[in-house]
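These notes concern the structure reproduced below.
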Amino acid sequence: MRLSRYFLPVLRDVPKEAEIVSHRLMLRAGMLKQEAAGLYAWLPLGYRVLRKIQAIIEQEQDRAGAHEMLMPTIQSADLWRESGRYDAYGKEMLRITDRHERDMLYGPTNEEMITDIFRAHVRSYKDLPLNLYHIQWKFRDEIRPRFGTMRSREFLMKDAYSFDLDLGRAREAYNRMFVSYLRTFYRMGLTAIPMRAETGPIGGDLSHEFIVLADTGESGVFCHADLLDKPIPTHDVDYLSDLQPIVDDWTSLYAATEDMIDMAEFESTVPEDKRIAARGIEVGQVFYFGTKYSDPLGATVTDDEGKEVAVHMGSYGIGLTRVAPAIIEANHDDDGIIWPVSVAPFEVALINLKPGDKDCNTANEGLYQSLTNAGIEVLYDDRDLGAGAKFATADLIGLPYQLIAGPRGLKNNEVEIKHRRTGERETVSTDAAVARLLALIEPERRDKI
RNA sequence: CGGAGUAUAGCUCAGCCUGGUAGAGCACUGGUUUUGGGAACCAGGGGUCGCAAGUUCGAAUCUUGCUACUCCGACCA
């Protein structure tokens, strides 16, 4: 992509409405534009990040045996009356009336609808287990939206729903999602720790929140330090096998949010030098809620004895529009964002230091083509601006590597690679630059781990 | 919903106290010179001062009402 033709409205000043660093950086880097309280437009650079996050989630969900679909944003109130939640949900639910005066709502979640789909088509235990998910915009009319897309009213969420014959099998479904979440967040460059959590208004008795430690996090969290560098299950993990040992391994070390913390247990099971008390951002949640919806909505299957039983369900959410700022909270410095390669909007910023110079242009155009041909996503800064402005933009938008090509180096057939995270610079020959970048980037894509 | 604040150019802000016909920096347009960390100079364009009512000869400025946005709290992927 040529920056001269791209839409990247970076801001030099800090927008006054933004308080926390991720919100400020998302606005300054031209990723977002606020349209109203808790409502944001995702500009091209931001949307690319959202798509990267989405792709990783889809790959890992599919791998774990879930099937992607898409449900509407608008739902009929009738379904919610059946489950009893139409009255219970309160003002957070945006209620809408259509032209025929029918009560509708903008979905804050989809348990009712997915259960309705299930009951319409599934009759036998032989069709289980089943896990269906979608990635769709939701709306919750928060009393006070804040922190940009970290807590917006409209938000993009992946929600998966599992259906099983009994608690034991539901637990297996839960475990599959648990393991897939470990991999999903790791691939995004996040260290997300599963913590015991309250099940909230949705109910249930088995639940973990996946928490990213960050000073700006909304919840207080307590955990064992060893959880921070625990190895993640690899891509060859067999989702058909018994995953309980992996889940047990992860849940054997103490980790709980402030709502669930048992101080006595925390202090007795975690050595003092391993105790972490910090703040965290919840990026995902898995929970089992049994027959809470299948009972009232009549989602039953016939078991192997010919008996009708309500299915045991679980649901598994990831807030995509929250993950993006969470990644920034965990990856930035004074100059701007530092994207992990796997979610970076582009992998390389190619910086042409002197667009007016014919030789310099020729060299840069060649590098641009070579990078593109090598399958590297490159944003080519071909704008007619001073070097300082280009460096500042590149640092701000946080592409993992900068390839800097100017007359001074090109005279000796040399270009410079800057590592955004470390600030490290290496000089390489023009011919070797693409291969060197590919060698750096390839493993960091985390798509084969 | 309770508490606190803000609203003036695309952005960040000054002007308001003490009323007199609107400013700066950045950004933008044209030109010249520049070019390895947000370049310099010259010349320009751009504002119903959030909205409405009131006081006044006169309101960005004072009064009242409304709206939007932000922060703290309760609530939440």
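Naming convention: chains lettered A, B, ... in sequence-line order (proteins, then strands); numbering from 1 in each chain.
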Side chains of A/Asp395 and A/Gln402: donor-acceptor distance under 3.5 Å anywhere? yes
From the list B/rU35, B/rC76, B/rG36, which nucleotide is the closest neighbour of the side chain of A/Asp384? B/rU35
Between the base of B/rG37 and the side chain of A/Arg425, is there a donor-acceptor distance below 3.5 Å? yes
Could you label the plane-to-plane angle of the A/Tyr181 and A/Phe185 rings as parallel, tilted or perpendicular, counting under 30° as parallel and over 60° as perpendicular? perpendicular
Tell me the interatomic distance from A/Glu142, atom CD, to B/rC69, atom C1', rounded to whole angstroms. 17 Å
Value in whole Å for how far the C1' atom of B/rU35 lies from CG of A/Leu410: 14 Å
Of all the choices, B/rC76, B/rU35, B/rU70, which nucleotide is nearest to the side chain of A/Lys354 once you look at every atom? B/rU35
Rounding to an integer number of angstrom, what distance separates B/rU61 and B/rU48 when you compare their P atoms? 16 Å
Heavy atoms under 4.0 Å, any strand shown: does A/Ala36 hit a base, just sugar-phosphate, or nothing? sugar-phosphate
Answer yes or no on whether A/Arg446 is positioned over the face of A/Tyr186, meaning its NZ or CZ is under 6.0 Å from the six-membered ring centre and within 45° of the axis. yes
Using a cut-off of strictly less than 4.0 Å, decide whether A/Arg146 has a side-chain nitrogen or oxygen near OP1 or OP2 of B/rC72. yes
Name the orientation class of the two ring planes belonging to A/Trp80 and A/Tyr89 (parallel below 30°, tilted from 30 to 60°, perpendicular beyond 60°). perpendicular
Parallel, tilted or perpendicular: ring planes of A/His312 versus A/Tyr288, cut at 30 and 60 degrees: parallel
Output the rounded distance in Å from CZ (A/Arg383) to P (B/rU34). 22 Å
Counting the atoms with a prime plus P, OP1 and OP2 as sugar-phosphate, which does A/Ala387 contact under 4.0 Å by heavy atoms, base, sugar-phosphate, or nothing? sugar-phosphate
Which is true for A/Leu11 with a 4.0 Å heavy-atom rule: it touches a base, it touches only sugar-phosphate, or it touches nothing? nothing
Assess the side chains of A/Glu112 and A/Ser83: does a donor N or O sit below 3.5 Å from an acceptor N or O? yes
Look at the aromatic rings of A/Phe346 and A/Tyr6 and report parallel, tilted or perpendicular, splitting at 30° and 60°. perpendicular
Which whole number of Å gives the distance between the P atom of B/rG58 and that of B/rA53? 15 Å
Pairwise C1' distance, B/rU21 and B/rG10 [rounded to whole Å]: 25 Å
Within the 4.0 Å heavy-atom criterion, would you say A/Ser152 contacts the bases, only the backbone, or no part of the nucleic acid? base
Rounded distance in Å between the C1' positions of B/rC51 and B/rA68: 10 Å
Need the pair for B/rA22. Rule: Watson-Crick or G-U wobble, both distances under 3.5 Å, any strand; none if unpaired. none
Without decimals, in angstroms, what is the distance between A/Asp335 CG and B/rG38 C1'? 11 Å
Indicate, with a heavy-atom threshold strictly under 4.0 Å, whether A/Glu92 touches base, sugar-phosphate, or nothing. sugar-phosphate
A/Leu27 CG to B/rC69 P: how many Å, rounded? 15 Å
Categorize A/Gly406 for me: base, sugar-phosphate, or nothing, with a 4.0 angstrom heavy-atom threshold over every strand shown. base
Is there a donor N/O on one and an acceptor N/O on the other, under 3.5 Å, for the side chain of A/Arg28 and the base of B/rG38? yes
Work out how far the C1' atom of B/rU56 is from that of B/rA9, and round it to whole angstrom. 29 Å
State the pairing partner of B/rC51; accept Watson-Crick or G-U wobble contacts with both distances under 3.5 Å, and report none otherwise. B/rG65
G-U wobble or Watson-Crick pairing nucleotide for B/rA14 (cut-off 3.5 Å, both distances): none
Go nucleotide by nucleotide along RNA chain B from the 5' end; which of A/Glu35 and A/Thr321 gets its closest nucleotide reached first? A/Glu35
Classify A/Gly409 by what it touches in the nucleic acid, base, sugar-phosphate, or nothing, heavy-atom distance under 4.0 Å. base
If the P atom of B/rU64 is compared with that of B/rG25, how far apart are they to the nearest Å? 36 Å
Measure the distance from CD on A/Glu19 to P on B/rU6 and round it to the nearest whole Å. 16 Å
B/rC72 phosphate, OP1 or OP2, under 4.0 Å from A/Arg144 side-chain N/O: yes
Contact class for A/Asp357 vs. all strands (heavy atom < 4.0 Å): base, sugar-phosphate, or nothing? nothing
P atoms of B/rU34 and B/rA40, separation to the nearest Å: 16 Å
Checking A/Glu329 against A/Ser22: is there a side-chain donor and acceptor pair closer than 3.5 Å? yes
Can you tell me how far P in B/rU6 sits from the matching atom in B/rC76, rounded to whole Å? 31 Å
Suppose we define a pair by two distances each less than 3.5 Å, Watson-Crick or G-U wobble; what does B/rG30 pair with here? B/rC42
Let me know, please, whether A/Ala405 or A/Gly38 comes out on the 5' side of the other along RNA chain B by nearest nucleotide. A/Ala405
Any side-chain donor paired with an acceptor under 3.5 Å for A/Glu426 and A/His419? yes
pair_partner(B/rU70), Watson-Crick or wobble, both distances < 3.5 Å, evaluates to B/rA4
Ignoring backbone atoms, establish whether A/Gln34 has a side-chain N or O less than 4.0 Å from OP1 or OP2 of B/rU70. yes
Look at all strands and tell whether A/Pro15 reaches a base, only sugar-phosphate, or nothing, counting heavy atoms closer than 4.0 Å. sugar-phosphate
Base, sugar-phosphate alone, or nothing: which one does A/Lys16 contact when heavy atoms must sit under 4.0 Å apart? sugar-phosphate
Rounded off to whole Å, could you give me the NZ-to-P distance for the A/Lys390 and B/rG36 pair? 11 Å
Between the base of B/rG37 and the side chain of A/Lys418, is there a donor-acceptor distance below 3.5 Å? yes
A/Ile351 CD1 to B/rG38 P, straight-line distance once rounded to whole Å: 13 Å
Nucleotide opposite B/rA59 in a Watson-Crick or G-U pair, distances under 3.5 Å: none
Looking at A/Arg12 and B/rC11, is any side-chain donor or acceptor paired with a base atom of the opposite kind under 3.5 Å? no
